[in-house]
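Note that the coordinates shown come from a computational prediction; the quantities given were computed from them, not determined experimentally. Each chain gets a letter, A, B and so on, in the order the sequences are listed, and its residues count up from 1.
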Amino acid sequence: MTNDPELKEWAADWQAGSDQESSAEAIRLYAQGRNRFMWTWVLLELSIGAIALPVLGYLGWVAPDPVQRWAMWLLALITIAAMSVGWWNWRGSLLASARTTAEYLAVSAERLRRMRQAWRIGWIVLVAQVVVFSVWIWTRPFGAAAAERFAWGWLLFMTLTAVALMWWMDRRIRRDADTFEALKRELL
Amino acid sequence: VNDARFDRLLREHEAVVRRLAHSYERDPARRQDLVQEIWLAIWQALPRFRGDASERTFVFRIAHNRAVTHIEHWRRRRTEALDEDAPVADAAPDPERALSQQQRHERLRAAVQALPLNLRQVVVLALEGLSHAEVADIVGISENNVAVRMTRARAELTRRLGGAGRRMRS
């Protein structure tokens, strides 16, 4: 504690501040509830993955042609990637206990760098997925023209949705990176 | 065991966390969110806390890290959590009127809120009674750097409070 009398006075004034108190019980319930929600979310993701992965693996294994096999395995890859990102985000929420603010900012910056890497890999997986599904639709005998049109339309819709998601992710990562850089300059 | 420990931390440090949140966020609703986020982070980190620092340092560390995230979150939305150029209310009060401690606290808080982030971060910890070494440990800068920032923060606070901090006590 300081020997500076003015700082001591300020500290006394500061610590005398009496904001309206939050209910301790409400805070505890909030923390418990949010924590439970996050765990439930992670378990839900893991459960979906635990069901989807063997099914996709099996469908790929018994697929009559290599295109269909690759399509199923790429879907399995996307499922694994989605599960990893979910787990990674959840782990990220625990970072606040980093030893110092400097370390916290460094770890946050590292997370952003890895997210950018994941984003790049995401593009490669998306392109591979579109190519495989295009070949699959092209070579598959649909019987009716409407069914084939629906398949192309569906692929187009999914691709555009994924592109929009990737674009949004890119903007978010860039904004996060800029903000963290500015904060780092300001704080350290 | 963690529930009981959390409850104790909550009892002992609730006011500190509220004051800290207030120094980073003026908006009451967003401030309440920040307080809750801080306690959630403490709840999650508690099982891994092995006592390598004091509980007070542990709480401050998490609170400051969450506050940084809070600021980052709102800046990303192009909304400042705090307007650093906002004037300090009643900067030149009537010297005849002695302010109550609560009023002095509010003026001081307004002055602290107006400080640049790097100064605010160290001064809030110092006002809570932490030593330079403890502040340095939490922020991750050298003790010399803490001393330099404190000198600047102190000068800035004196200027913003109109040098009337002590006169008002008479």
Side-chain angles (χ1 to χ4, degrees), chain A residues 1-2 4-35 37-39 90 92-108 171-172 174-176 178-180 182-188, chain B residues 3 6-7 10-11 14-16 18-19 22 32 35-45 48-49 53 58 61-62 64-66 68-69 71-72 75-76 101-102 104-109 112 116-118 121 124 126-131 137-141 150 154 157-158 165-166 169:
Chain A
M1 183 61 196
T2 177
D4 178 339
E6 188 163 49
L7 196 58
K8 270 186 176 172
E9 281 180 11
W10 283 343
D13 290 344
W14 179 260
Q15 291 171 29
S18 55
D19 277 9
Q20 190 173 4
E21 281 195 28
S22 323
S23 151
E25 180 63 13
I27 287 177
R28 198 163 63 84
L29 287 176
Y30 171 82
Q32 277 175 328
R34 275 287 303 274
N35 201 46
F37 173 78
M38 285 165 75
W39 267 109
W90 181 78
S93 69
L94 303 178
L95 289 178
S97 58
R99 197 171 143 64
T100 64
T101 304
E103 187 185 305
Y104 180 60
L105 288 172
V107 175
S108 300
R171 282 197 58 182
R172 190 189 160 135
R174 278 173 199 273
R175 241 175 10 204
D176 280 359
D178 289 348
T179 316
F180 263 109
L183 267 177
K184 232 166 102 177
R185 277 196 303 274
E186 207 171 332
L187 284 167
L188 303 177
Chain B
D3 279 11
F6 182 78
D7 283 348
L10 196 51
R11 271 198 313 278
E14 205 242 335
V16 169
R18 271 187 291 113
R19 284 198 293 271
H22 211 144
Q32 182 61 20
V35 167
Q36 288 182 329
E37 288 302 319
I38 289 170
W39 284 110
L40 174 64
I42 291 171
W43 174 276
Q44 289 171 336
R48 288 172 290 117
F49 177 57
F58 169 74
R61 184 176 290 155
I62 291 177
H64 270 268
N65 288 342
R66 285 310 307 183
V68 167
T69 304
I71 291 168
E72 187 268 335
R75 282 191 181 174
R76 210 186 320 129
Q101 194 164 43
Q102 181 59 24
R104 290 201 303 271
H105 169 78
E106 280 162 18
R107 290 190 71 246
L108 178 60
R109 186 175 62 210
V112 168
L117 196 53
N118 61 340
Q121 201 180 28
V124 164
L127 289 173
E128 290 293 350
L130 271 70
S131 68
D137 186 37
I138 288 171
V139 181
I141 55 178
M150 273 306 295
R154 201 179 176 295
L157 283 178
T158 305
R166 272 178 284 188
R169 292 174 166 277

Looking at B:His105 and A:Asp13, what are the two nearest heavy atoms and their distance?
ND1-O, 3.1 Å
If one checks every heavy atom of B:Val112 against chain A at 4.5 Å, the contacting part turns out to be side chain
Restricting to non-hydrogen atoms, name the atom on A:Trp10 and the atom on B:Leu108 that form the minimum distance, rounded to 0.1 Å.
O-CD2, 3.2 Å
Return the minimal non-hydrogen interatomic distance between B:Met150 and A:Leu7, and the atom names on each side.
CE-CD2, 3.7 Å
Using the test side-chain hydrogen bond (donor to acceptor under 3.5 Å, both in side chains), find all partners of A:Trp14 that sit at least two apart in sequence or belong to another chain.
B:Glu128
Looking only at heavy atoms, which two atoms of B:Thr158 and A:Glu6 are closest? And how far apart?
OG1-OE1, 4.0 Å
